[in-house]
Structures are given as C-alpha cells and as structure tokens.
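Inspection log for the structure reproduced underneath, given as structure tokens.
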Amino acid sequence: MLDRYNRKINYLRISVTDRCNLRCRYCMPEEGIVLLSHKDILSFDEIARFTETAVEYGIDKVRITGGEPLVRRDIVTLVRMLAGIKGINDLSMTTNGTLLSNFATDLREAGLQRVNISLDTTDHERFAEITRGGDLNDVFKGIEAAVTAGLLPVKINCVVVNSKDEEDARQIAGYCHKNNLEIRYIRQMDLINGHFSLVEGGTGGNCTICNRLRLTANGRLKPCLFNDLDFNIREIGYAEAIRRAVDLKPECGSNNVTGKFYNIGG
Ligand code: SAM
C-alpha cells in the first residue's frame, strides 16, 4: 500500500486494551480515567479478521500494544491467532514487562517473535515514583524471562524528558549494555500540543518514512498518532477503513486532542 506521499504502509500497531496495571506519570492520570466498556472493545475474532484484511492490503509487520497488553485476558490466544495469519513477517509486543515472567514462554510458543519492554530507570524508588507504585523487580524478572524464552531481540523503550544524558537514561544504558539489550530513547511526547521528535534507535517520530497504521481497542483505525483522524472499522468495514486511513494519512503529524497514549498504544 502506498499513500499519497509515496510512503509504503506495511506496519499495523494494535492496541488490545486501554487498561494498564501501572500509572506512568507521563502516560495516564492516577484517577478519573473513563475506561472503554467491554462491549466496545474488539473481540479477538474481530482483531484477527481485521488483521487478515490488513495483510491482504500489504501489512506484514504487526505489534500488539495497549494499555498493557498482558492484562487482556487470554492474550496468548490472540497471539496464536495472529501468528497463524500468513503474510506477517514480524509479530511483536510492547509491554511494561511487569507480568511478562508469567507469559514469556507461552507467548513465544504461540508465535510471538520479540518484545519491546518499557523501562525508564533502574532505580527502585524512581521506578515506583514514575509508575505510581510499580515494582521494578517484576520488570527485571520479565526481561530475564523474555530473553530465556527467545523473544529476541529484547528492546528497551526508555522515555526521557530531554535527552539520553539524563541520569535515569544513563543507568538504563549501562543495564542494557551489561545484559545485551537494545535500547530506544523516546523523548517524552505531548499529543495535545503536538510535541514529538525522532525516536533514537528506532524509526518512530519520522513522518517522512512513517509506515504505520494504529488500531485502537475499540476499533478506530488511526493513520497518524499526532492527528485526531480515525475510522471506525465496525461502522464502515475493515477494507474501507484501511483504504481511507491510507488515502488520508497526513503528510506530517500535528496534534491529537482526542486520543491518549494509553488508548492508542504509543
Ligand atoms: N503498557 C505498554 C508499555 O508500557 O510498553 C504498552 C503501551 S505504552 C502506551 C507504549 C509506549 O508508549 C511505552 O513505551 C511508553 O513509555 C510510551 N509512552 C507513553 N506515554 C508517552 C509519552 N507521553 N511520550 C512518549 N512515550 C510515551
């Protein structure tokens, strides 16, 4: 699929839930979140059928995200369904890692190829502060389990306020180096005010090569994270939503006043 700006669109990110077991300060408010009702959340069948259609249109890379994807009940079943779709060459997940030690082996066996784990500090107190109560040991265990299960390469997503020279980010660099993990530095973004920049170590944030579509947990297909445009796949149909999202994908991100990281999936 080529869009109006000749970009090849081959990457679908699927948010499977808006729920999360952490409350990272830059991502989710502590309270007052209006969660999707269960009937609005796409079923596994809907997600799999949509993905099949997307693959027919040229998607060959799929990432499962959230919210926290591992809090979605039976997530391994969805992974198995997606892994069974011929034409997906790269099936990955972005997770906070806290529950990964319980799931890594089953996910690998179900066909997940690799994981990105979000981690911004190796300091226990700072971690609890950033995530509002998370236990860093759970993430360390999750990372170990991912490596052991062969969910490789394990990449660490590290959100920085300004640069990778910040103390937390330097500690993460040391930890990744010691444990043979890849690292991506993501500068803290602001959807409402349209602040985003290049992801160091990854391809995100570069509009000229953006190859992404994003499916939210309630079935909105978004051509751009920094734009309010979305297409309801249940209302207009899977193929039509894909065609419109590709046709109308903006040349460059601007801002997004309706969406949040935790319901689009980053
Ligand atoms: N719960 C999973 C996780 O923590 O990786 C997946 C969803 S989370 C929304 C996906 C990614 O978005 C994470 O790497 C997270 O750090 C990042 N993220 C969330 N809010 C952000 C913000 N304001 N700026 C930059 N990245 C952000």
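Both counts, for ligands and for their atoms, begin at 1 and track the order of listing.
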Q. What part of N96, side chain from CB on, backbone N/CA/C/O, both or neither, has a heavy atom under 4.0 Å from ligand 1?
A. both
Q: Consider every N or O of R187 and every N or O of ligand 1, then say whether any pair is closer than 3.5 Å.
A: no
**Q.** Name of the residue among I156, T203, N157 meeting side-chain contact (heavy atoms from CB on, under 4.5 Å) with R184
**A.** N157
Q) Counting both backbone and side chain atoms, is some N or O of S118 under 3.5 Å from an N or O of ligand 1? A) yes
Q.
Name the residue from T94, T17, N96 that meets the side chain to side chain donor-acceptor pair (under 3.5 Å) definition with E68.
A. N96
Q: Quick one: look up the protein heavy atom nearest atom 10 (C) of ligand 1 and list residue, atom name and how far away it is.
A: G265 O, 3.5 Å
Q: Work out whether the distance between some heavy atom of S15 and some atom of ligand 1 is less than 4.0 Å.
A: no
Q) Among F261, Y26, F196, whose heavy atom sits nearest atom 12 (O) of ligand 1? A) F261
(Q) Tell me the contacting part of T65 for ligand 1: side chain, backbone, both, or neither, using a 4.0 Å heavy-atom threshold, strictly below. (A) side chain
Q: Using the side chain to side chain donor-acceptor pair (under 3.5 Å) rule, pick out the option among T131, N21, D138, D135 that qualifies with T98.
A: N21
Q | Distance from atom 24 (N) of ligand 1 to nearest protein heavy atom, with residue and atom | A | M189 N, 2.8 Å
(Q) With no hydrogens and no angle check, just 3.5 Å: does a side-chain donor-acceptor pair link N218 and T216? (A) yes
Q) Should the ring pair F50 and Y238 be called parallel, tilted or perpendicular, given that the plane angle runs from 0 to 90° and is split at 30 and 60? A) perpendicular
Q. Any Lys/Arg nitrogen of E144 or K141 sitting under 4.0 Å from an Asp/Glu carboxylate oxygen of the other?
A. no
Q) Counting from 1, what ligand 1 atoms have a heavy atom of I186 closer than 4.0 Å? A) 25 (C), 26 (N)
Q) Any chance the side chains of T121 and D168 put a donor and an acceptor closer than 3.5 Å? A) yes
Q. Which atoms of ligand 1 have any heavy atom of V159 under 4.0 Å away?
A. 16 (O), 26 (N)
Q) Is E240 paired with R243 through a side-chain N to carboxylate O contact shorter than 4.0 Å? A) yes
Q.
Please classify the T95 to ligand 1 contact at 4.0 Å (heavy-atom distances, strictly less than): side chain, backbone, both or neither.
A. backbone
Q: Look at atom 1 (N) of ligand 1 and find which of C20, G67, G204 reaches it with the closest heavy atom.
A: G67
